[in-house]
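All values derive from a computational prediction rather than experimental measurement.
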Amino acid sequence: MSGMFVAPSLAPTMERDHAGRAPTGLDRRDIWISFLAMVLAIAAVGIAEVLIRAIALVTNLAYYGTLSVAPSSPADHHLGAWAIAIPVLGGAIVGLMARFGSRAIRGHGIPEAMEQILTNESKIPLRLTFLKPISAAIAIGTGGPFGAEGPIIATGGALGSAIGQFIRVTARERKVLLAAGAAAGMTAIFGTPIAGVLLAIELLLAEYSARAVTPVALACAVAGGLRAIIHGTDAVFAITSFANPDTSSVIVATIAGGFVGVISVYITRAVYIIEDGFERLHGIHWMWWPAVGGIAVGAIGFFAPRTLGVGYDNITTAVSGGFAVGTLLVLGVMKFLSWSIALGSGTSGGTLAPLLTLGAALGYLFAYSLGLVAPSLAIDPRLAALVGMAAMFAGASRALLTSIVFALESTQEIHAVVPIVGGVTLAYFASAMLMRTTIMTEKLARRGVETPEDMVVDLATSELQDG
């Protein structure tokens, strides 16, 4: 029997064709699933565009009093102390939506998708397809320090699950459609189709086979092509080229990746310590916790306006070396406090953008500090910021290949491939050594859900799995 990657915690069974034989390749059924995945990708891109504009609409309305979907940042508002109340109001609305709509809109989305795959045959309630992006638009548009990518990944996955519930498919095929929708959603935001495929493999599918990967890859190709038509082919984080980086910068950037990986463990733990703190607020109903978290978001945003909202421009500026060191230090500390408190409160929003911001800041500050100690090395801290960005992603999620490829695709900086691979791998290793779970799986472990930590090949016993 030919072996394949399977998650050891998922009960493997033999999937057979109509003649009772174990299939060895793809067939017409897989063409149908792949077609559904490509249609799903078109829908995911549409949802991504709607969410981006919905966030802009809420931002313009809440901070500027204008009815517009033009991109804007809450950091430029002139409301003074009144702006502190806006995230509180947004948190209250999200809490009410969670209480009377679906509690599943809380959080950043990927753990919830993983839980449905592992415990509910990839069946996500249809209402989440609408409630998740609406709640995220309100949370982020009112200053929540989150990225748009998490809600889109969750919404794309929910849409794929919904299609798999309306059309007769196996649980395994539904899982593939869920992963295809999630990966297409990530591609629609960042223009990273390869990283989207790898994200699905490392965090959602927990397997590698032609039957699982082909639909996901085609969905990412469609999403990537449509995004290029809409937004062009420029890198989402357009930075100064690192053509021919010197040896000292490469070495320091690689070491910085390991340093950021260690820090990612404590950042993950801090998020869940804060979440535990909210769980102890017995006198306040959980639907009001996002409003309580919004007080911190608003207060921090009053002193550090750049912490408000998505902040993708912060990542670009940090990796480009556009921030003064003091400004970058304040941004990193304040963004961490704002994001961790808001996420711990159970509001709706993505974690990737905050993690990338923190990683870039830590990488840059690490290399800059080392440059002060040894100025003769002529270290370029921007390269360390790029590696730190990806290392934080890898350390917190342990999606090693996704993090490496994401950094290369989102910046189009192939010249940085060596320190990215080295630094991200060190971060992955440090995280695996220091922490059993990740920012994605800790929540599931607390609920008693066993998550596959590794994919292994056993040529003697591996079997194709069915739902």
Side-chain angles (χ1 to χ4, degrees), residues 1-44 104 110-129 153-185 196-197 199-222 444 449-452 455-458 461-467:
M1 184 182 302
S2 60
M4 64 164 289
F5 289 98
V6 297
S9 64
L10 301 178
T13 57
M14 183 70 72
E15 182 177 29
R16 299 180 180 276
D17 60 19
H18 297 297
R21 299 185 299 266
T24 57
L26 302 181
D27 54 26
R28 284 180 294 181
R29 180 71 181 177
D30 299 298
I31 296 175
W32 171 237
I33 297 299
S34 296
F35 171 76
L36 290 177
M38 289 188 286
V39 173
L40 177 59
I42 297 172
I110 295 179
E112 290 73 20
M114 295 172 69
E115 182 174 18
Q116 295 306 312
I117 289 173
L118 294 168
T119 66
N120 196 33
E121 296 185 336
S122 305
K123 294 178 180 179
I124 298 177
L126 178 61
R127 62 182 180 275
L128 286 184
T129 309
I153 291 172
T155 304
L159 186 59
S161 174
I163 291 176
Q165 293 175 63
F166 279 108
I167 298 175
R168 187 176 180 181
V169 296
T170 66
R172 186 175 185 275
E173 290 168 338
R174 192 182 306 114
K175 178 183 73 171
V176 170
L177 290 173
L178 186 158
V197 175
L199 178 82
I201 293 172
E202 293 189 296
L203 296 183
L204 298 174
L205 289 173
E207 70 169 275
Y208 184 87
S209 68
R211 176 158 286 127
V213 173
T214 300
V216 174
L218 288 172
C220 289
V222 171
L444 303 185
V449 178
E450 184 180 357
T451 56
M455 292 184 293
V456 296
V457 171
D458 186 339
T461 62
S462 292
E463 295 180 325
L464 290 170
Q465 68 184 52
D466 188 7

Could you report the tightest heavy-atom contact between [X] and [Y], atom names first, then the distance?
| X | Y | value |
| --- | --- | --- |
| Gly185 | Ala44 | N-CB, 4.1 Å |
| Val176 | Ala212 | CG1-O, 3.7 Å |
| Leu204 | Lys175 | O-CD, 4.3 Å |

Review point. How many angstroms lie between CG in Leu36 and CD1 in Ile31, if you round to the nearest 0.5 Å?
Key: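 The distance works out to 12.0 Å.
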Partner residues of [X] under the side-chain contact (heavy atoms from CB on, under 4.5 Å) criterion, sequence neighbours left out:
| X | answer |
| --- | --- |
| Ser34 | Thr214, Pro215, Leu218 |
| Val169 | Arg29, Ile33, Ile167, Glu173, Arg174 |
| Leu40 | Leu159, Ile163, Ala180 |
| Ala183 | Ala200, Val216, Cys220 |

